[in-house]
Amino acid sequence: MSRVLILGAQGQLGIELQKAFQGAGEVVALDRQWCDLARPETIRKAMAEVCPKIVLNAAAYTAVDRAESEPELAMRVNGEAPGILAEEARKIGALLVHYSTDYVFDGSRPSPWVEGDAVNPLNTYGRTKLAGEQKISEVGGRHLIFRTSWVYSPHGANFLRTMLRLGREREQLRVVNDQIGAPTTAAALARATRAVIDANVQEVSGIYHMTCAGETSWCGFAQEIFRRAAAPEGRHWPEVVGIPSTEYPTPAKRPKNSLMSNSKLNARFGVALPQWQDALAETLAGMNLG
Ligand SMILES: NC(=O)c1ccc[n+]([C@@H]2O[C@H](COP(=O)([O-])OP(=O)(O)OC[C@H]3O[C@@H](n4cnc5c(N)ncnc54)[C@H](OP(=O)(O)O)[C@@H]3O)[C@@H](O)[C@H]2O)c1
């Protein structure tokens, strides 16, 4: 493996990719200051200057609710920039690894979604991420698109950190229990990405689902967090009460069933991610909760 370019260096996944790709050749990690996905000329410049063999694009417009009021910016970053990256990657024969989302689906399937299922995003973020997937496949260079869900890590804005903060402030938390999915750590995603690259399988361009194993609701996720995390000294964690989505309205609508089958990933590359509870335990163990 030679030069690897990581975009979105300061995001949850970008940080973990830098760890997972240690020893994988020369790694160049750029944040928005050096490569702004809303400014195509900076993408072209970064690709020309770094000239990577592999591009890992962890940068994205991820503010799901805010996207409803900033659809043009979300589309530039999530929908158009991936196409430019794909074009630049194709020119230099690089592999583009990109991440997408469960929110390309409408949540209506009663069982886990597979890659070939019909897409039908319910919100702006989902529509912009879908546009990005489509642009990459239209360009037709070497690419891997990993759809993932409910990403969290010790850093950044995510459900785990929100729960731990609210858990210190409140006696009771009301959390949605009618949306199900697979909480996935950025670390597990990053390691699985490395394992896919190391598997060195040829002719595999396409979309793959990549999430931790198992399933839960947001409410179940919150309960597991408080079951496993050490409570602040002299205090106990709040009671978590399940509520329907109708009692927690958000600007962006979310799918009811976000579960995605990882069978294709497993069959093609022999890669499987850990059970979500184990990945949560690992994340909590690495955090200073004192
Ligand atoms: N988080 C989730 O629950 C989730 C679920 C499904 C799929 N995904 C996908 O997984 C991937 C990684 O997400 P994540 O959770 O690591 O997100 P994240 O923590 O929000 O990180 C995203 C990174 O992208 C950067 N960014 C935003 N706008 C940019 C721009 N115009 N140019 C360059 N960089 C920009 C952000 O930089 P700033 O700090 O400067 O804003 C941030 O460092 C994304 O493709 C996301 O769509 C995430």
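For the numbers below, each heavy atom of this structure counts, side chains included, while hydrogens, waters and symmetry mates do not. Indexing begins at 1, ligand by ligand and atom by atom, following the structure's order.
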Task: Pairs meeting criterion ring pair (Phe, Tyr, Trp, His ring centres under 6.0 Å) with involvement of residues 119-141, two or more places apart - done: none
Open item on the list: With ring pair (Phe, Tyr, Trp, His ring centres under 6.0 Å) as the rule and sequence neighbours excluded, what pairs involving residues 188-214 come up?
Closed with: Phe105-His209, Tyr208-Phe269
Task: Parallel, tilted or perpendicular: rings of Trp237 and Phe226 (30°, 60°) - done: tilted
Task: Heavy-atom side-chain proximity of Tyr61 to Leu37 below 4.5 angstrom - done: no
TODO: Spell out, as yes or no, whether a donor-acceptor pair under 3.5 Å connects the side chain of Ser217 to the backbone of Asp178.
DONE: no
- [ ] Could you list the residues that satisfy side chain to side chain contact (heavy atoms under 4.5 Å, CB included) with Gln179, not counting sequence neighbours?
- [x] Val176, Trp218, Ser245, Arg254
Does ligand 1 have any N/O atom under 3.5 Å from a protein N/O, and what are those pairs and their distances?
from	atom 1	to	atom 2	distance (Å)
ligand 1	3 (O)	Val151	N	2.9
ligand 1	15 (O)	Gln12	NE2	2.9
ligand 1	16 (O)	Gln12	N	3.4
ligand 1	16 (O)	Leu13	N	2.9
ligand 1	19 (O)	Gln12	N	3.0
ligand 1	20 (O)	Thr62	OG1	2.6
ligand 1	24 (O)	Ala60	N	3.2
ligand 1	24 (O)	Ala60	O	3.4
ligand 1	31 (N)	Asp36	OD1	2.9
ligand 1	32 (N)	Asp36	OD1	3.4
ligand 1	32 (N)	Leu37	N	2.8
ligand 1	40 (O)	Arg32	NE	3.0
ligand 1	40 (O)	Arg32	NH2	3.3
ligand 1	41 (O)	Arg32	NH2	2.6
ligand 1	43 (O)	Gly11	N	3.0
ligand 1	45 (O)	Tyr99	O	3.3
ligand 1	45 (O)	Lys129	NZ	2.8
ligand 1	47 (O)	Tyr125	OH	2.7
ligand 1	47 (O)	Lys129	NZ	2.9

